[in-house]
Amino acid sequence: MTSDTSKTWRATVLTLFPEMFPGPLGISLAGRALASGVWALEARDIRASAADRHRSVDDTPAGGGPGMVLRADVLAAAIDAADAQDRPKLVMSPRGRPLTQARVAELAAGPGALIVCGRFEGIDQRVIDARALEEVSIGDYVLSGGEIAAMTLIDACVRLLPGVMGKLSSATDESFSDGLLEYPQYTRPQLFEDRQIPDILLSGDHAKVARWRLAEAEALTQSRRPDLWAARPKPPESGKKRKPPKIATDG
Ligand code: ADE
């Protein structure tokens with residue numbers, strides 16, 4: 001048990017579907033860390049901040065068009081009631097800035113986050129501006145709401161919290177800071193459907209294995225992710241060899 005709650009990383013999620021949480025975050029690595037108090041999750045129902053008799057949270061878009069828009073007054077009241085002054089306030093949205101491992105690491109190093117999950121056609125722009133919400137996208141595709149995107153962000157943060165990944169954590173941290181995709185992994189059996197494990201991995205020569213892994217990671221990154229390849233940190237100059245990537249595969 002982590003008894004010092006001042007160190008607990010706090011995720012507050014504002015959603016119209018609080019029953020979706022913790023969902024997958026209650027299982028495995030994140031679930032164990034949640035149970036032991038490394039992090040805390042509060043899923044708050046936006047509808048609880050609706051002031052009218054019908055508890056309405058949305059309305060038709062000004063200027064016309066399809067769908068419904070989340071009301072600024074209701075969402076602002078939900079944000080203000082959430083006691084998150086000390087934490088970054090995010091809103092999950094396909095038009096947000098793409099989430100990166102660097103931003104995940106920053107968030108994980110802080111006290112936690114308040115995360116707004118959008119639904120409907122959007123959120124009234126005035127509350128995004130008035131509460132300085134940071135719009136975050138998890139990729140160039142459209143989900144039916146922000147909840148699964150919020151879970152993705154939280155999961156990525158939680159695995160970086162001290163003690164969550166044990167020995168694997170430092171290795172994992174290095175993967176994206178190295179800017180390379182993961183090299184291929186193999187395990188027993190040695191022969192699977194006529195396919196052998198590459199000889200070099202069975203050679204016992206750690207330096208050779210490390211060089212092979214680096215070459216594989218570089219080749220993969222170059223062919224699959226030319227954007228990452230172009231932006232990768234440049235290897236140190238003069239004599240000093242670049243460290244081989246240490247990338248954990250934990251799921
Ligand atoms: N809500 C809907 N689609 C999303 C996406 N791609 N990223 C973040 N939030 C979303």
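The analysis underlying the following values was restricted to heavy atoms, covering all of them including side chains, and did not include hydrogens, waters or symmetry mates. Counting starts at 1 for both ligands and their atoms, in listed order.
- A salt bridge between E135 and R95 is present, with a side-chain N of the basic residue lying under 4.0 Å from a carboxylate O of the acidic one.
- At least one heavy atom of S137 sits less than 4.0 Å from an atom of ligand 1.
- Atom CD in Q125 sits 4.5 Å away from atom CD1 in I128 (nearest 0.5 Å).
- The shortest heavy-atom distance from A150 to ligand 1 is not under 4.0 Å.
- In this comparison of D140, L90, L99, I138, the heavy atom closest to atom 7 (N) of ligand 1 sits on I138.
- Between V142 and ligand 1, no N or O atom pair is found at a separation short of 3.5 Å.
- Between atom 5 (C) of ligand 1 and the options P94, G96, C117, the minimum heavy-atom separation is to P94.
- In terms of protein heavy atoms, atom 6 (N) of ligand 1 is closest to Y141 O, 2.8 Å.
- Here R213 does not pair with E216 in a salt bridge; the nearest charged N to carboxylate O distance is not below 4.0 Å.
- Looking only at protein heavy atoms, the nearest one to atom 3 (N) of ligand 1 is L143 N, 3.0 Å.
- Between L133 atom CG and L90 atom CG the span is 8.5 Å, to the nearest 0.5 Å.
- The distance from the CG atom of L14 to the OG1 atom of T12 is 7.5 Å, given to the nearest 0.5 Å.
- Checked against a 3.5 angstrom limit, the closest N/O atoms of S93 and ligand 1 fall inside it.
- A donor-acceptor contact closer than 3.5 angstrom is absent between the side chains of R97 and S137.
- No N or O atom of A149 sits closer than 3.5 Å to an N or O atom of ligand 1.
- W9 places a side-chain heavy atom less than 4.5 Å from the side chain of C157.
- At least one heavy atom of V136 sits less than 4.0 Å from an atom of ligand 1.
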